[in-house]
2 protein chains.
Amino acid sequence: MKDLTAQQSKVLNCIEESINKTGFPPTRAEICQKLGFKSPNAAESHLRALEKKNIISIAGGSSRGISIKNKKSSSGASIPVIGLVAAGSATLASENIEREINVDPSLFSRNVDYFLKVKGLSMIEDGIYEDDLVAIHKTNDFKNGDLAVVRTEDDVTLKYIFKENHKLLLKPANKDFDPIHIDLRNESAEVEGIGIGLIRKN
Amino acid sequence: MKDLTAQQSKVLNCIEESINKTGFPPTRAEICQKLGFKSPNAAESHLRALEKKNIISIAGGSSRGISIKNKKSSSGASIPVIGLVAAGSATLASENIEREINVDPSLFSRNVDYFLKVKGLSMIEDGIYEDDLVAIHKTNDFKNGDLAVVRTEDDVTLKYIFKENHKLLLKPANKDFDPIHIDLRNESAEVEGIGIGLIRKN
DNA sequence: AAAAATACTATATATTTATACAGTATAAAA
DNA sequence: TTTTATACTGTATAAATATATAGTATTTTT
């Protein structure tokens with residue numbers, strides 16, 4: 001399957017979010033509003049691109065006629081829990097899966113691909129504690145300030161992300177931890193997904 | 001909950017079928033076509049009846065704006081979410097139930113009876129934020145230091161609980177809030193349940 | 001170097017759709 | 001007995017919506 005562009009991913013997210021939140025797909029105008037487009041044709045052409053890539057189907061002549069293909073079982077999905085243990089390990093590879101839990105997919109605003117078990121105290125000031133399970137939506141698309149799972153050259157970390165040109169700032173929520181600065185011209189870094197929720201067990 | 005009439009059930013089935021088959025809810029006209037009605041108002045009035053009975057919700061001014069409320073999914077128990085709104089109100093009475101969510105019962109250490117939607121910032125220093133859903137196990141048995149839902153004479157509150165003889169201490173996790181001291185000889189207070197976990201949606 | 005895909009703005013319009021209003025008729029509840 | 005809910009037909013229309021067309025600009029592929 002062809003990869004989606006950043007904009008196409010945004011549109012797809014927007015559709016998923018609408019279905020989860022309202023129960024029905026968005027109109028062209030609603031997509032435009034959410035993503036800041038000024039012409040309905042911006043949404044239209046992205047939808048046609050997604051249709052061409054076989055990600056969605058569009059029912060001609062009917063309003064909100066968008067449906068996402070190969071939709072995963074809508075209820076009670078089994079979602080893996082991944083431990084953030086050693087360097088470079090937050091993948092869905094089976095050896096990293098601690099266990100699976102069943103949650104309502106409509107619980108969070110977007111599709112949850114996995115839960116990341118938090119290690120360390122770097123986000124403690126924003127209420128993210130050790131052993132909390134952070135719900136991750138896999139995407140490489142993010143906004144500044146998003147809570148992101150970032151794979152750097154020698155680590156995988158959960159931090160607030162800010163990007164400005166070639167500079168990446170990974171900001172913890174703990175004054176005892178230093179922000180991580182990455183110059184993308186010298187080092188590589190990849191956004192694996194963004195945090196959309198949290199589960200804590202006492 | 002009131003029972004549905006035969007026709008209302010047919011309409012509800014029609015909506016479910018449409019969502020399953022096409023991915024989006026039907027229009028009035030489509031309902032009429034499927035069920036053999038000749039007037040769009042036939043569908044409309046059935047929809048309004050279903051809305052009145054709290055089975056569906058209808059988004060005004062938007063096409064196909066029908067969504068089925070608290071649709072249960074196959075796995076995972078359906079657990080109510082209760083808003084901590086006004087004084088003395090955290091009960092399982094249906095008028096306090098904001099919605100229901102499906103979670104794996106084995107997710108938390110004990111049985112979850114309901115989720116309490118947090119209002120206010122009194123527990124913020126321990127990572128419990130406004131609008132977080134705290135998983136509550138109904139019990140009046142507790143240990144000192146437990147996070148408890150306590151019904152006092154004029155309020156329902158979520159605090160750490162400590163009991164010593166006839167004195168009850170309800171301790172917030174926010175230095176801007178004062179601990180609540182209750183002398184059980186003068187005032188009544190009841191433990192509704194204890195917090196065993198948390199769900200946060202970003 | 002040319003073609004195709006991406007990523008939009010801007011405008012227009014036919015069609016879809018929700019929704020109101022006016023009726024008719026029957027059954028159930030107050 | 002009167003009201004309320006159910007169960008429709010039939011007509012009308014404002015608003016919502018899909019969708020076409022005409023552009024501009026950049027990037028990617030061939």
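To find a chain, count down the sequence lines: A is the first, B the second, and so on, and within it residues start at 1. Please read all numbers here as calculations on a predicted model, not as lab measurements.
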Q: Could you pull out every donor-acceptor pair under 3.5 Å between side chains of residues 166-178 of chain B and any protein atom, sequence neighbours left out?
A:
{"residue": "B/H166", "atom": "NE2", "partner": "B/R185", "partner atom": "NH2", "Å": "2.9"}
{"residue": "B/N174", "atom": "OD1", "partner": "B/D176", "partner atom": "N", "Å": "2.9"}
{"residue": "B/N174", "atom": "ND2", "partner": "B/L121", "partner atom": "O", "Å": "2.9"}

Q: Mind checking B/Q7 for me? I need base, sugar-phosphate or nothing, with any heavy atom below 4.0 Å counting as a touch.
A: sugar-phosphate
Q: Quickly work out the A/K10 NZ to C/dA7 P distance and round it to whole Å.
A: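 Checked: the NZ to P distance equals 10 Å.
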Q: Distance-only criterion, 3.5 Å: show the donor-acceptor pairs between side-chain atoms of residues 43-52 of chain A and protein atoms not counting sequence neighbours.
A:
{"residue": "A/E44", "atom": "OE1", "partner": "A/R28", "partner atom": "NE", "Å": "2.8"}
{"residue": "A/E44", "atom": "OE1", "partner": "A/R28", "partner atom": "NH2", "Å": "3.3"}
{"residue": "A/E44", "atom": "OE2", "partner": "A/R48", "partner atom": "NE", "Å": "2.8"}
{"residue": "A/E44", "atom": "OE2", "partner": "A/R48", "partner atom": "NH2", "Å": "3.1"}
{"residue": "A/S45", "atom": "OG", "partner": "A/N41", "partner atom": "O", "Å": "2.8"}
{"residue": "A/S45", "atom": "OG", "partner": "A/A42", "partner atom": "O", "Å": "3.2"}
{"residue": "A/H46", "atom": "ND1", "partner": "A/A42", "partner atom": "O", "Å": "3.1"}
{"residue": "A/R48", "atom": "NH1", "partner": "A/E51", "partner atom": "OE1", "Å": "3.2"}

Q: For residues 33-42 of chain B, which residues have at least one heavy atom under 4.0 Å from DNA chain D?
A: B/F37, B/K38, B/S39, B/P40, B/N41, B/A42
Q: Check the distance between D/dA15's C1' and A/R64's CZ and give it to me in whole angstrom.
A: 13 Å
Q: Can you give one letter per nucleotide of nucleotides 25-30 of chain C, going 5' to 3': B for a protein heavy atom under 4.0 Å from the base, S for sugar-phosphate only, - for none?
A: ------
Q: Could you tell me which non-hydrogen atom of A/I182 sits nearest to which non-hydrogen atom of A/A189, and how far apart they are?
A: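 Where A/I182 meets A/A189 most closely, the heavy atoms are CD1-CB, 4.0 Å.
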Q: Roughly, in whole Å, what's the span from CD in B/E44 to C1' in C/dC21?
A: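 These atoms are roughly 12 Å apart.
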Q: Listing time: all N or O pairs from protein to nucleotides 24-30 of chain D that are below 3.5 Å?
A:
none

Q: Please state whether the phosphate of D/dA5, meaning OP1 or OP2, lies under 4.0 angstrom from any side-chain nitrogen or oxygen of B/T5.
A: no
Q: Mind checking side-chain contact (heavy atoms from CB on, under 4.5 Å) for A/S57 and listing every partner two or more places apart, or none if nothing turns up?
A: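 Checked A/S57 against side-chain contact (heavy atoms from CB on, under 4.5 Å); matches are A/S67, A/K69.
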Q: Other residues, nucleotides and ligands only: do more than 12 of their heavy atoms fall within 6.0 Å of NZ on B/K163?
A: no
Q: Calculate the interatomic distance between A/L47 atom CG and C/dA5 atom C1'; express it in whole Å.
A: 16 Å
Q: For the pair made of CD in B/E30 and P in D/dT17, what is the distance, rounded to whole Å?
A: 14 Å
Q: Judged by each residue's nearest nucleotide on DNA chain D, which is more toward the 5′ side, A/I58 or B/A49?
A: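 Between the two, 5'-proximity favours B/A49.
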Q: Could you give the NZ-to-C1' distance, from B/K53 to D/dT4, as a whole number of Å?
A: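 B/K53 atom NZ is separated from D/dT4 atom C1' by 13 Å.
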Q: Is the phosphate of C/dT17, meaning OP1 or OP2, less than 4.0 Å from a side-chain N or O of B/R28?
A: no
Q: Round to the nearest Å and state the distance from B/Q8 atom CD to D/dA5 atom P.
A: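 Value for this atom pair: 12 Å.
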Q: Could B/E190 and B/R151 be called an ion pair, given the rule that one side-chain N must be under 4.0 Å from one carboxylate O?
A: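 Looking at B/E190 and B/R151, the cut-off is not met.
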Q: Is the phosphate of C/dT6, meaning OP1 or OP2, less than 4.0 Å from a side-chain N or O of A/H46?
A: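 For A/H46, the contact criterion (side-chain N or O under 4.0 Å from OP1 or OP2 of C/dT6) is not met.
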Q: Applying salt bridge (Lys or Arg N to Asp or Glu O under 4.0 Å), can you list everything that pairs with B/D132, at least two apart in sequence or on another chain?
A: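 If we apply the salt bridge (Lys or Arg N to Asp or Glu O under 4.0 Å) test to B/D132, skipping adjacent residues, the hits are B/R200.
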Q: Tell me, with the steps shown, if A/K138 and A/Y114 meet side chain to side chain contact (heavy atoms under 4.5 Å, CB included).
A: CA-CA 8 Å; A/K138 271 177 92 171; A/Y114 59 94; 3.7 Å; yes
Q: Between B/R48 (CZ) and D/dA5 (P), how many Å, whole number?
A: 15 Å
Q: Going by side-chain contact (heavy atoms from CB on, under 4.5 Å), name the residues that satisfy it together with A/K21, two or more places apart in sequence or in a different chain.
A: none
Q: Only counting residues at least two apart or in another chain, list the ones meeting side-chain contact (heavy atoms from CB on, under 4.5 Å) with A/D131.
A: A/K117, A/K119
Q: So, taking the atom named CZ in A/F115 and the one named CG in B/L107, what distance separates them when rounded to the nearest 0.5 Å?
A: 7.5 Å
Q: Sorted by first residue and then second, give each salt bridge (charged side-chain N to carboxylate O under 4.0 Å, His left out) pair with at least one member in residues 55-66 of chain A; sequence neighbours left out.
A: A/E30-A/R64
Q: Sequence neighbours left out, what passes side-chain contact (heavy atoms from CB on, under 4.5 Å) with A/N165? Give chain and number order.
A: none
Q: Give the angle between the helix axes at the two ends of the helix from C/dA1-D/dT30 to C/dA30-D/dT1, taking five base pairs at each end and rounding to 10°.
A: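 Taking five pairs per end, the axes differ by 40°.
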Q: May I ask you to check whether B/D126 and B/Y160 show a side-chain donor-acceptor distance below 3.5 Å?
A: yes
Q: Think B/S63 has a side-chain N or O under 4.0 angstrom from the OP1 or OP2 of D/dT17?
A: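 For B/S63, the contact criterion (side-chain N or O under 4.0 Å from OP1 or OP2 of D/dT17) is met.
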